[in-house]
Number of protein chains: 2
Amino acid sequence: MTAETPSNPATGDSGARTVPTLEMVAALAGVSRATVSRVVNSSPKVTPHVVDAVNDAIERLNYVPNRAARSLASRRTQVIALVVPETTAKLFSDPFFATVAQGIALYLSDTDYTLNMLISSEAKSEKTRRYLMGGNVDGALVVSHHSGDHSYSELGQSLPVVFGGRPLIATESASYFVDVDNAAGAAGATAHLVETGRRHIATIAGPQDMPAGLDRLTGWRRTLSMHGFDQSLVELGDFTPESGADAMRRLLDRGVPIDGVFAANDQMAAGAYSVIYERGLSIPGDIAMAGFDDNYYGSTTTPPLTTVHQPSHELGAKMAEVLVALIEGKTVEHVTLMPTNLLVRASTL
Amino acid sequence: MTAETPSNPATGDSGARTVPTLEMVAALAGVSRATVSRVVNSSPKVTPHVVDAVNDAIERLNYVPNRAARSLASRRTQVIALVVPETTAKLFSDPFFATVAQGIALYLSDTDYTLNMLISSEAKSEKTRRYLMGGNVDGALVVSHHSGDHSYSELGQSLPVVFGGRPLIATESASYFVDVDNAAGAAGATAHLVETGRRHIATIAGPQDMPAGLDRLTGWRRTLSMHGFDQSLVELGDFTPESGADAMRRLLDRGVPIDGVFAANDQMAAGAYSVIYERGLSIPGDIAMAGFDDNYYGSTTTPPLTTVHQPSHELGAKMAEVLVALIEGKTVEHVTLMPTNLLVRASTL
DNA sequence: GTGAAAGCGCTAACAG
DNA sequence: CTGTTAGCGCTTTCAC
């Protein structure tokens, strides 16, 4: 502790400052404030000897730059906003946001950027928008499940913004986004079903007005068409277990052979399980099941569900990475897709 | 280079300012900057007429105060740090932090404070500490499960800090903390067991070097002693399902009657289930079970587990509330305990 | 390479 | 009640 620094350089300061300033460092090191600033910002053109002296003074004073002052002078905030445009209820029931946020925070903790979390219910979206546009942040990350909600997309024109989850309709791609490769994940899960010998593979698809629903169906189709298999075994659900059960019922009622099912999420797969057992069929004996998401709906079924794991934290980290690159003026892809990985469990043995 | 966005907000700043300043508002409203500042900060002593004029100008210019400048001048940052001193692995596997963080963010979104999330692995704890002490935040919230880790407790002497989770050893209570009322929750669950007619109530306690483990055992004892029941049926576990199974085995091996068990968390309760069934006993017929935490370990058992729900997001909100009060110089209790609530399910019918 | 000087946008006494 | 006057702590030309 540098408690009593009697050699405290007199700066004409009367009140006892608790936090050392750049000026004090300059005085202690015997250089000008400009030089200290250069050292702090690791400017290349400072004599090594001087750098050491300054760093020494910084160390002894336990100096930490004042962010506000730095921002004000440099016109850069070093702050990145994480905007979560969701209702309270949704937020609490969804581990997805949390994991993504952690990924973001973790990535940023290795940079000089600071994370500013903004929970923005619809009521406050205007306030949030203003805050963002008010020059208080260097860039923003927007995470939303109903990624159709690109009400923040206009933002991209006045501020670097990266979205998590692709927009439903491909805009003029003025914006940047990072998403999980839903189609590839679905195709992979379906391919696994094929590899284990299934030939009559159905799908319980998600809502076709959500990117995830759409793309996962596309992935299923891709694999089947690659093998020339029948693509007519499609029933839609709304991502709830009940809808999965209903869809499964409709599939079985068709009376055609089915030996494998790819459900667009684990909850629907769990719903389907009950119907399959209801009909006296077995998993994976009669029907192999695969899901998507990797949550406890899939891990607690009997047998455990083969499913597609989403790299939520990597997604967050990548979003942050892309945004930082954008802020720093680098060229980055407008679209970044994160690879998923298949978790093979007993439901597809 | 990025796309052809002429107003590219990235580094290269060539043209006119995009963000209006207080000065511009003053000019438009025909008053001084000081007056605008007063209006913005809702000072009581401004003529209503002038207030309107200024607000009008603000509206027309779409003015938003610059935080950095404001902080610098007022020597208040309006920033609250959320410090999570955990390893990456723990962070990802634990929904607790996420929920608490959401509660905090949500509470703060109604205030003028901004949330600054700092994931601080041990490697970076020194950097974090410096940042916090460097006058970059008005206060800090520290959330950790192994709340014994009050390595940040010294912070409390130079900055308002509120901890989530009580310290293991009662310090000189120089610090503030908010915690779930573990003892009361445990006492309540045990009382429920008593109310349903159980008279031989055992407990599978948690590690006694963790506040949660300690306090939940205390709660169990409290209820039993209130009824004058036997308090010798205690076995310790380490919060894992396996340890719960082992503890249950030891309890049953004692060969004394047991008709109810309070487990200090749901995971241990789940472990106990398997042993109970192994011995050919039924739940709740032979033994009623109650747990603590309310997670899926308890909700997916058969029968579903009666458990104590932790108000994680309320905990977060309360932490934020206490910190804000502290920052604003109000007197607040050093200890705030959040009430839990009992979720009665089939395991204690 | 280094220092001097001029602010960044706002708040905070202090006069009037 | 409102304007004037100083800075807050740092970066950043521009000379030297």
Side-chain angles (χ1 to χ4, degrees), chain A residues 9 11-15 17-54 57-58 61 63-79 112 131 134-136 138, chain B residues 11-14 16-54 57-58 61-79 112 131 134-136 138:
Chain A
T11 57
D13 200 356
S14 49
R17 293 192 40 70
T18 40
V19 190
T21 68
L22 183 151
E23 176 146 29
M24 293 165 64
V25 174
L28 209 175
V31 298
S32 73
R33 289 168 13 192
T35 299
V36 176
S37 175
R38 289 190 185 100
V39 172
V40 169
N41 296 290
S42 39
S43 155
K45 30 187 63 183
V46 183
T47 313
H49 176 245
V50 176
V51 173
D52 289 347
V54 172
I58 288 178
L61 256 36
Y63 166 76
V64 181
N66 177 308
R67 268 189 178 255
R70 203 211 279 256
S71 300
L72 189 55
S74 67
R75 309 182 81 1
R76 262 171 298 118
T77 65
Q78 295 290 100
V79 173
D112 279 329
Y131 178 74
N136 293 307
D138 287 348
Chain B
T11 50
D13 196 3
S14 46
R17 291 190 38 71
T18 39
V19 191
T21 70
L22 183 150
E23 176 145 29
M24 294 165 62
V25 175
L28 210 175
V31 297
S32 74
R33 288 167 17 196
T35 299
V36 176
S37 175
R38 290 190 185 99
V39 173
V40 169
N41 295 291
S42 40
S43 154
K45 30 186 63 183
V46 183
T47 313
H49 176 245
V50 177
V51 173
D52 290 347
V54 172
I58 288 178
L61 257 36
N62 222 304
Y63 167 77
V64 180
N66 178 308
R67 268 189 176 254
R70 205 211 279 254
S71 301
L72 190 55
S74 66
R75 307 175 97 346
R76 263 173 297 118
T77 65
Q78 295 290 100
V79 172
D112 279 329
Y131 178 73
N136 293 306
D138 287 348

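Predicted, not measured: the structure shown is a model, and the values here were computed from it. Numbered from 1 within each chain, the chains take letters A, B, ... in sequence-line order.
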Legend entry - Pair Val36(B)-Val31(B), side-chain contact (heavy atoms from CB on, under 4.5 Å): steps then yes or no: CA-CA 7 Å; Val36(B) 176; Val31(B) 297; 3.7 Å; yes
Rounded to whole Å, please give me the gap between [atom1] in [X] and [atom2] in [N].
X        : N       : atom1 : atom2 : result
Glu23(A) : dA4(C)  : CD    : C1'   : 13 Å
Ile58(B) : dC10(C) : CD1   : C1'   : 13 Å
Leu72(A) : dC10(C) : CG    : P     : 9 Å
Lys45(B) : dC14(C) : NZ    : P     : 14 Å
Arg67(A) : dG9(C)  : CZ    : P     : 19 Å
Met24(B) : dC8(C)  : CE    : C1'   : 15 Å
Arg33(B) : dG9(C)  : CZ    : C1'   : 8 Å
Gln78(A) : dT11(D) : CD    : C1'   : 13 Å

Going from [atom1] on [X] to [atom2] on [Y], what distance comes out if it is rounded to the nearest 0.5 angstrom?
X        : Y         : atom1 : atom2 : answer
Ile58(B) : Leu22(B)  : CD1   : CG    : 8.0 Å
Arg67(B) : Asp112(B) : CZ    : CG    : 7.0 Å
Asn66(B) : Thr21(B)  : CG    : OG1   : 10.0 Å

Inset, instruction - Could you check Ser74(B) against Val31(B) and say which one's nearest nucleotide on DNA chain D is further toward the 5' end? - result: Val31(B)
Legend entry - Pair Asn41(A)-Arg70(A), side-chain donor/acceptor within less than 3.5 Å: yes
What closest approach, in Å, do [X] and [Y] show between heavy atoms, and which atom pair accounts for it?
X         : Y        : value
Ala57(A)  : Ala29(A) : CB-CB, 3.9 Å
Pro20(A)  : Leu61(A) : CG-O, 3.3 Å
Gly135(B) : Thr77(B) : O-CG2, 3.6 Å

Can you find a side chain N or O atom of [X] that sits less than 4.0 Å from OP1 or OP2 on [N]?
X        : N       : answer
Arg76(B) : dA12(C) : yes
Thr47(A) : dT2(C)  : yes
Arg75(A) : dG9(C)  : yes

Legend entry - Closest to the Ser32(B) side chain, choosing from dT4(D), dG3(C), dC10(C): dT4(D)
Inset, instruction - Among dG9(D), dC10(C), dT2(D), find the nucleotide with the atom closest to the side chain of Thr21(A). - result: dG9(D)
Legend entry - Secondary structure of DNA chain C in dot-bracket form (Watson-Crick or G-U wobble, distances below 3.5 Å, | marking inter-strand pairs): |||||||||||.||||
Legend entry - Beyond-backbone contact of Val25(B) with Val54(B), side-chain heavy atoms, under 4.5 angstrom: yes
Inset, instruction - Mind running a 4.0 Å heavy-atom check of residues 35-42 of chain A against DNA chain D and sending the residues that fall below it, in number order? - result: Ser37(A), Arg38(A), Asn41(A)
